[in-house]
Protein chains: 2
Amino acid sequence: MNDMMGEPARPGRVTLQQIAERLGVSTATVSLALRASPLVAEATRQKVQDLARDLGYVYNRSAASLRTARTNMIAVGVNDVVNPYFGEILAAIEETLAGSGHTVLLGTYSDDPAKQDRVLATLKEYRPDGMILCPANGSTGEALAMIASAGIPVVQITREIEGIGLDVVASDDGVATRLALDHLHELGHRRIAVVGGNDTMSTGRNRRITYRAWLAEKGLPLDPALLVTGLGTRDTGFAGIQALLDLAEPPTAAVCMNDLIAFGVMMGLRQRGREAGRDFSVVGADDVREAAMWAPGLTTVSTHPSEQGRRACERVLVRTVNPALPAARIILPPTLVVRGSTGPAQR
Amino acid sequence: MNDMMGEPARPGRVTLQQIAERLGVSTATVSLALRASPLVAEATRQKVQDLARDLGYVYNRSAASLRTARTNMIAVGVNDVVNPYFGEILAAIEETLAGSGHTVLLGTYSDDPAKQDRVLATLKEYRPDGMILCPANGSTGEALAMIASAGIPVVQITREIEGIGLDVVASDDGVATRLALDHLHELGHRRIAVVGGNDTMSTGRNRRITYRAWLAEKGLPLDPALLVTGLGTRDTGFAGIQALLDLAEPPTAAVCMNDLIAFGVMMGLRQRGREAGRDFSVVGADDVREAAMWAPGLTTVSTHPSEQGRRACERVLVRTVNPALPAARIILPPTLVVRGSTGPAQR
DNA sequence: GTGAAAGCGCTAACAT
DNA sequence: ATGTTAGCGCTTTCAC
């Protein structure tokens, strides 16, 4: 009787068990039927799925995870989601994972190693099937290595902590720097500044090393005043270009650590009445979507952020299936994208 | 003997049970000890925590969730994480939730209602303690209402689907529009364009209604050519300003639906050799971080994205504790931020 | 202050 | 093609 009237079938509290009882079958059958297993008869499948829908049944992944030891979550840790570079990576990851039935568990740590370690410790407790992480500036690999040795696949993205034997998906910093420098050299530039970066993270370190090597190859002198240290923000570019223009012998071009810095430089140039591409050449790095939207467009070395995100997903998913794989370094070749912000050197 | 040698204590596979056995106590005690319950003796607590650390024990939240029916996850659904506006909201949410021991489960749907429904259905299965959602453009409230009626607290952010009785945290569109228009009016502008927006989402609808009302109040004519429809992207602004400048009688100022559009307008102005603030006035909306970084800085009506994120978190957490609360509309007052992109009307 | 026991909702052998 | 059974790892009464 109670059965006919039915409690309001509070959806969200419906379980396999209840469906099984109403239908007079076992929970095992319901479980299989809901997943459209070929083991169950078509008619049963239909009945089960219909009732599940009517009852407002919602699959409980916590329960399934406990049983299967898989969560279908991938944890993603980045420093800052507002930065469009990380935004594009995160968007690509989310998109790719959604396609394979996974969901993103997000953590951020603002380039703070201590916060990174706390965040990662929490993420680990959710038992994600894998993690895609961009290490905080200055962090050691300890936390990452711990996670990996606890059996969770970890892939580093964009930045690399060397020597901890973990997968990496990144762009080739040396090639990127050379692409930018060679482009400017062909345009006749000889005094070229480097804006942004520092030596505490692989990316900055690699690029600065390449800069020095390149100068030596071209027989050009190294002027420390042309090396502007700073974070990868618009401010760094804006302030950096002011200092450079105030030099007794200013550069005629700048290679920036990333696009945000380059935008800051372009903005700073305008402030001083100069026009990028005509009076001063600027090259960015990453090719975030905004780079194409500027007037003039930003000449930049693309590090293919979306592609990095996609490759990192593929890698982490592969490792999910085959945890014993040796660590891979997936280094994407950067490409030069010439737009209007670079032009022939003035004489 | 095997016990002394010890298996390599594969961390990640250590359970409460194992700690309990090694220590000769019950799992109940271990559970309490790990959470530093006052019910267990200090000495026991110490022993348990030490061994847990040594063994590399990792708390299994799936198991705990199954038991407690709480996951400590909050699902966040937005259209696009690359958009800095949503980026800032997401960052604020992540930051706020981390402070209260919650983690963000992320879903995106690119303003596609069908994709939104699929994404939300998946997120629901993880049984998040609550959801913070910005509805996709053109979506009905059905999916959201279903979730809420399944007992998961839902708060809408930024955009509102009316009449479904769910919490909202947003900014006052009408006030924002008036703030922008009044500012321009005081500067002497009389032909003012509105760039971006459409009538399929609350935000655009509300602002356009206000625009018409405001014109009427000021006794100004409504010129449909001054209403540029479009998405909230830089392109919309860039293309929109070209069309406006080509008009027989162009406007002297533009109010943009958001900052991205305003950036596009400023870029387009420059392309035509005009300078924002001097030759043409432009007002944005939202006040994303980038707005202050432009030269000239963008005059904009701040909708306080971070504050919206924070308030949404507070609200969803409150509802977690007290699900019976009546729906609240938390409408933040926008504020005008005057920078260099607006100036006196030319005559 | 600690232990025993039950159970959250699901899946996977194994049996029939 | 379906049912039985056991158990994933944790928390929570309720005893002692």
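Letters A, B, ... are given to chains in the order of the sequence lines, protein chains preceding strands, and every chain is numbered from 1.
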Can you give one letter per nucleotide of nucleotides 10-16 of chain D, 5' to 3': B if a protein heavy atom sits under 4.0 Å from the base, S if only from the sugar-phosphate, - if neither?
-> BBB----
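Along DNA chain C, the nucleotide nearest to B:L66 and the one nearest to B:V25 differ in position, and the one closer to the 5' end is contacted by B:V25.
Applying the side-chain contact (heavy atoms from CB on, under 4.5 Å) rule to A:S37 yields the partners A:L32, A:L39, A:V40; only residues at least two apart in sequence or on another chain are considered. The salt bridge (charged side-chain N to carboxylate O under 4.0 Å, His left out) check on A:K115 picks up B:E95, with sequence neighbours excluded. Residues passing the salt bridge (charged side-chain N to carboxylate O under 4.0 Å, His left out) test with B:R67, sequence neighbours excluded: none.
The closest side-chain heavy-atom distance from B:P135 to B:Q116 is below 4.5 Å.
A nucleotide of DNA chain C counts as in contact with chain A when one of its atoms lies under 4.0 Å from a heavy atom; the first and last such, 5' to 3', are C:dG9 to C:dA12.
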Check step by step if salt bridge (charged side-chain N to carboxylate O under 4.0 Å, His left out) holds for A:D54 and A:R22.
-> CA-CA 12 Å; A:D54 295 349; A:R22 295 230 191 187; over 6 Å; no
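A:Q17 and A:T27 share no side-chain donor-acceptor pair at under 3.5 Å.
When all heavy atoms of A:Y126 and B:N72 are compared, the closest pair comes out as OH-O, 3.0 Å. The two residues A:L332 and A:H304 make their nearest non-hydrogen contact at CD1-O, 4.5 Å.
Listed by residue number, the members of residues 37-53 of chain B with any heavy atom below 4.0 angstrom from DNA chain D form an empty set.
Checked for salt-bridge contact, B:D50 and B:K47 miss the test: no charged N lies under 4.0 Å from a carboxylate O. We find that B:R311 and B:D167 are not joined by a salt bridge, their nearest charged nitrogen and carboxylate oxygen being 4.0 Å or further apart.
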